[in-house]
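Quick notes on the structure that follows.
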Amino acid sequence: MKVLFNDGTVGECAPEEAVHVIRHSAAHIMAQAIKRLYPGAHFGYGPATDNGFYYDVDLPEGAKISEDDFPAIEAEMKKIVKENLKFTTFELPRDEAKALMAERGELYKAEHIDDLDPDARITFFSQGEYIDMCVGPHITYTKALKAFKLTAVSGAYWKNDAHNKMLTRINGIAFPSKEELDAHLALLEEAKKRDHRKIGQEMELFMFADEGPGFPFWLPNGMRVKNALMDYWHDMQDAYGYDEVQTPVILSRTLWETSGHWDHYKDNMYTTLIDDEDYAVKPMNCPGACLIYKSRPRSYRDLPLKLAEAGLDHRHEMRGALHGLFRVRSFTQDDAHLFVRPDQITEFVTETAQLITTYYEQFGFPYHVELSTRPEDSMGSEEDWEVAEAGLKEALESMGVDYILNEGDGAFYGPKIDFHLNDCLGRTWQCGTIQLDFQLPQNFELEYVASDGSKRRPIMIHRAGFGSFERFIGMLTEQYAGKFPTWLAPLQVKVLPVSEKARAYAREVGAALRKAGIRVKVDERDEKIGYKIREARGIDRVPYMLILGEKEAEAGNISVRDRSNETVQKDLDAFIEEILREISLREG
RNA sequence: GCUGGAUUAGCUCAGUUGGUAGAGCAGCGGUCUUGUAAACCGCAGGCCGUCGGUUCGAGUCCGACAUCCAGCUCCA
C-alpha cells in the first residue's frame, strides 16, 4: 500500500505497517467528521490501537456524544471517504506551528508542542478542510479507508492525568477489508463468551451482592476450584522450601503507623475501633510478616527466611475500578516474604521468578514482564539500589526472560518485577510481582547477626505469583472458557443414567467414584439423555460424562464421553485409575 | 472518584405517542421410561434497582442515590 510520509514523499509500506497507517488515518477522518458535525470540538491525542483507533475530543459546552450519535458520525466518515480527499503534509517552525494550532482553537495540540523535543520537526497532515498536527505516515487518499466501525465512547483525562480535564474518547476499529472487520467482530463475540463473569454465573462459581460491592461470595463450585488451586499452591510452597504462616486480619494502628500505611494508604484501608483504640483491616501482609521476623533474634544462618501466606486482604478500591474477580475489595494473595542478605538477592529473585513462571507454564498463560527501577523520590542508598536493580536484571536475564524496562517506575521503597496476564478481551492485569524492599526492614528495625557478630539489616523480597486467588481464578476461567482441567474442575465426572431402569446402577457407580475421592454427581432426573448431556457439556463443562443404560448395567461396564465427545466403553476400575492419575499429575 | 451507558421473573430479553406487565429457558406438578447437544401438557413466579418529583394516571417523563458495563485514574 502507498503511504504519505511527513517529508512529503509517497512510498510503499509493509502490510503489517499499512494496517497501522489505515487505523491512524481513520482517527483523522473521524476527527474531521466530528469537526463537521460539532464545529466547536477540539482534539487531544488520536492514535492507532491494537485493532483500531481512538480520538480524545473536547466537545463544545453542552454538547455530548453517546453511542446513539455513532451512526451520524460514521455516515459523515463514509461521506469523507467517498469524497476521496487527498492527504497532504507540510512542516512549520515551532512558533508558527503553535500559532496555527492556537488560531484554530487546538489548545491541546499547541500545549503538546511544548512537550516535544526542541529539535523535533513539527509536521502536519491535512485532508480537505481538516488539518492535524501529526508525524504520520498516512494513507494517500481517504478512499483507502475501507472498513471501520465506532465501538465505544468513554472519558479519558488529558495526558492521562486525573488532575486534567476529562475529554471524550471515541473508540473505533478499522481493518483493510470488510471481511477482516467482520471476522474481528465475530472473534470479539466469541471472546465475550469466555468472560469469567458470565461463566462464573453460569457455572455458579461465585457471586456478588449489592450488600457488598466488590466482596466476592464463593459458591460451592467456585470453592472447589479455589481449594484445588490452594492445594497446588501448598504443594509448590513446600517444593520451594517455604514456611507457611498466617497473620491476623485486623491489627492495631501503631503497626500501620510503623509500616507507613497509616499515612500513605489510609484511604484504602478499612478501620475499626477495638476497646477505643484504632485498628485497621490489613490491606497487605508484609507488616505481619515483619512482626514474625522480629519475634526472636535472627542469625545470618537463618537467612533466607521464606514465609509464605495465603493472606486475606481488604482494600477500599474505588468503585469505578471494580471488575468481576479481577478487581475486588476482599481477596487472598498468594503472598510470601523472603528476608535475605544483600548477597542473596540475585539467587532468591531468580528462584522466585522461576516459581512464578512455573505457574504460568502450568496453565499455559502467555505473559509479559516489566522491570521498574528507582524513582526520583526514593529511599535507601545508591549502593542498595544498584545491587537490587542488578539483582533483578540478572535474574531475568539468566532465565532468558524478555522484559519491558520502566525506568523510574519502581516503588519508593525498592525496584520491582511485575508479571502481566491478558484477559479474554486482551486487557492486561498484573498477577505476579517481585518487589525488593529496603523500607520495611528499616521501619521495623529488622536485624540479623552477621558472622562477625555485627548487627545487619536484611532486605525483604515481597512476592506473589497468582497475584490473588480471585484474580487468578478469573484468569483461569477465561483461559479454559470454564472447561477446567480435571484436577481443577468443580465437577469432575457426571453420571447420566439413560432411564430410570439404570438409576440403581448409576448410583452404584457414583458411590464408587465418590469413594475414590472424585468430585461426582449423578443426574437422576427423568429427562432424555440428550438433555442431560447438553447441560453437562454446556453448563457444568464437566470433563467426563458416564452414560449408563441397561446395556452397561448388564455388562457391568461404563460408557465414558469426554470433552472431545468421543464415547468409549470402559471398565469402571480402569477409569478410576486413569482419572486419579490425571488428577494427581495435574495435567491439562 | 471521573466520562458515557444500562437496570423489567432465578437467567436471557420484549414492552408502541404515559392508561396499573409479556415470551423463552430454568423451577414446580403431571404424562412419557427415555441411548449421546433442548419430549409434551399444565401451574406458579414481578415493590419494572431504590427514593423523590411531574401527571387524573409512570415500567415509560424528570431528579437524586445504588449497583453493573465500557473506558480514564488507581491497583494484586
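The sequence lines fix the lettering, A, B, ..., with proteins before strands; numbering per chain opens at 1. Not measured: the values here are computed from a predicted model.
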Under 3.5 Å, is there a donor-acceptor pair between the side chain of H196(A) and the main chain of L325(A)?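 Side chain of H196(A) to backbone of L325(A): a pair is present.
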R463(A) (side chain) donor-acceptor with T433(A) (main chain) under 3.5 angstrom: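 No; zero donor-acceptor contacts below 3.5 Å.
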Return the stems involving RNA chain B, sorted by first number, where pairs are Watson-Crick (N1-N3 with N6-O4 or O6-N4) or G-U wobble (N1-O2 and O6-N3), both under 3.5 Å, and runs are 3 or more long.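 In RNA chain B, stems of three or more pairs: B:1-7 with B:66-72, B:10-13 with B:22-25, B:27-31 with B:39-43, B:49-53 with B:61-65.
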For the pair made of [atom1] in [X] and [atom2] in [N], what is the distance, rounded to whole Å?
| X | N | atom1 | atom2 | value |
| --- | --- | --- | --- | --- |
| H163(A) | C2(B) | NE2 | C1' | 13 Å |
| I533(A) | G35(B) | CD1 | C1' | 8 Å |
| N268(A) | G1(B) | CG | C1' | 12 Å |

When you compare U16(B) with G53(B), how far apart are their C1' atoms, in angstrom units rounded to a whole number?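 One C1' to the other, the span is 25 Å.
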Could you say whether R327(A) or R525(A) is positioned toward the 5' end of RNA chain B, judged by the nucleotide with the nearest heavy atom to each?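 Looking at RNA chain B, the more 5' nearest nucleotide goes with R525(A).
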Where each residue is assigned the nucleotide of RNA chain B containing its nearest heavy atom, which of G214(A) and V328(A) is assigned the position nearer the 5′ end?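 Whichever sits nearer the 5' end wins; that is G214(A).
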It should be established whether R197(A) places a side-chain nitrogen or oxygen under 4.0 Å from OP1 or OP2 of nucleotide C69(B).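 Indeed, a polar side-chain atom of R197(A) lies that close.
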Side-chain N or O of Q201(A) closer than 4.0 Å to phosphate OP1/OP2 of U12(B):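 So the side-chain polar atoms of Q201(A) do come within 4.0 Å of the phosphate oxygens OP1 or OP2 of U12(B), strictly under.
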Can you list, by residue number, the residues of residues 463-483 of chain A that have a non-hydrogen atom closer than 4.0 angstrom to RNA chain B?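 Within this stretch, G467(A), S468(A), R471(A) sit under 4.0 Å of the strand.
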Among G5(B), C32(B), G35(B), the one nearest S66(A) by side-chain distance: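 Per side-chain heavy atoms of S66(A), the pick is G5(B).
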Considering only side-chain heavy atoms of V153(A), which listed nucleotide, G1(B), G4(B), A76(B), is closest?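 Within the option list, the nearest is G4(B).
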Would F331(A) pass as stacked on A76(B), i.e. its ring centre under 5.5 Å from the base's six-membered ring centre and planes under 30° apart?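 Here the ring of F331(A) and the base of A76(B) are stacked, with centres under 5.5 Å and planes under 30°.
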With a 6.0 Å cut-off (strictly less than), is the heavy-atom count around CD of Q246(A), excluding the residue itself, greater than 12?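 Check fails, neighbour count at 12 or below.
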If you draw a 6.0 Å radius around CG in D50(A), do more than 12 non-hydrogen atoms from other residues or ligands fall strictly inside?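 No, the 6.0 Å shell around CG holds no more than 12 heavy atoms from other groups.
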Look at R503(A) together with D526(A) and state whether they make a salt bridge at an N to O cut-off of under 4.0 Å.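 Looking at R503(A) and D526(A), the cut-off is met.
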Classify R427(A) by what it touches in the nucleic acid, base, sugar-phosphate, or nothing, heavy-atom distance under 4.0 Å.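 R427(A): backbone/sugar contact only, no base atoms under 4.0 Å.
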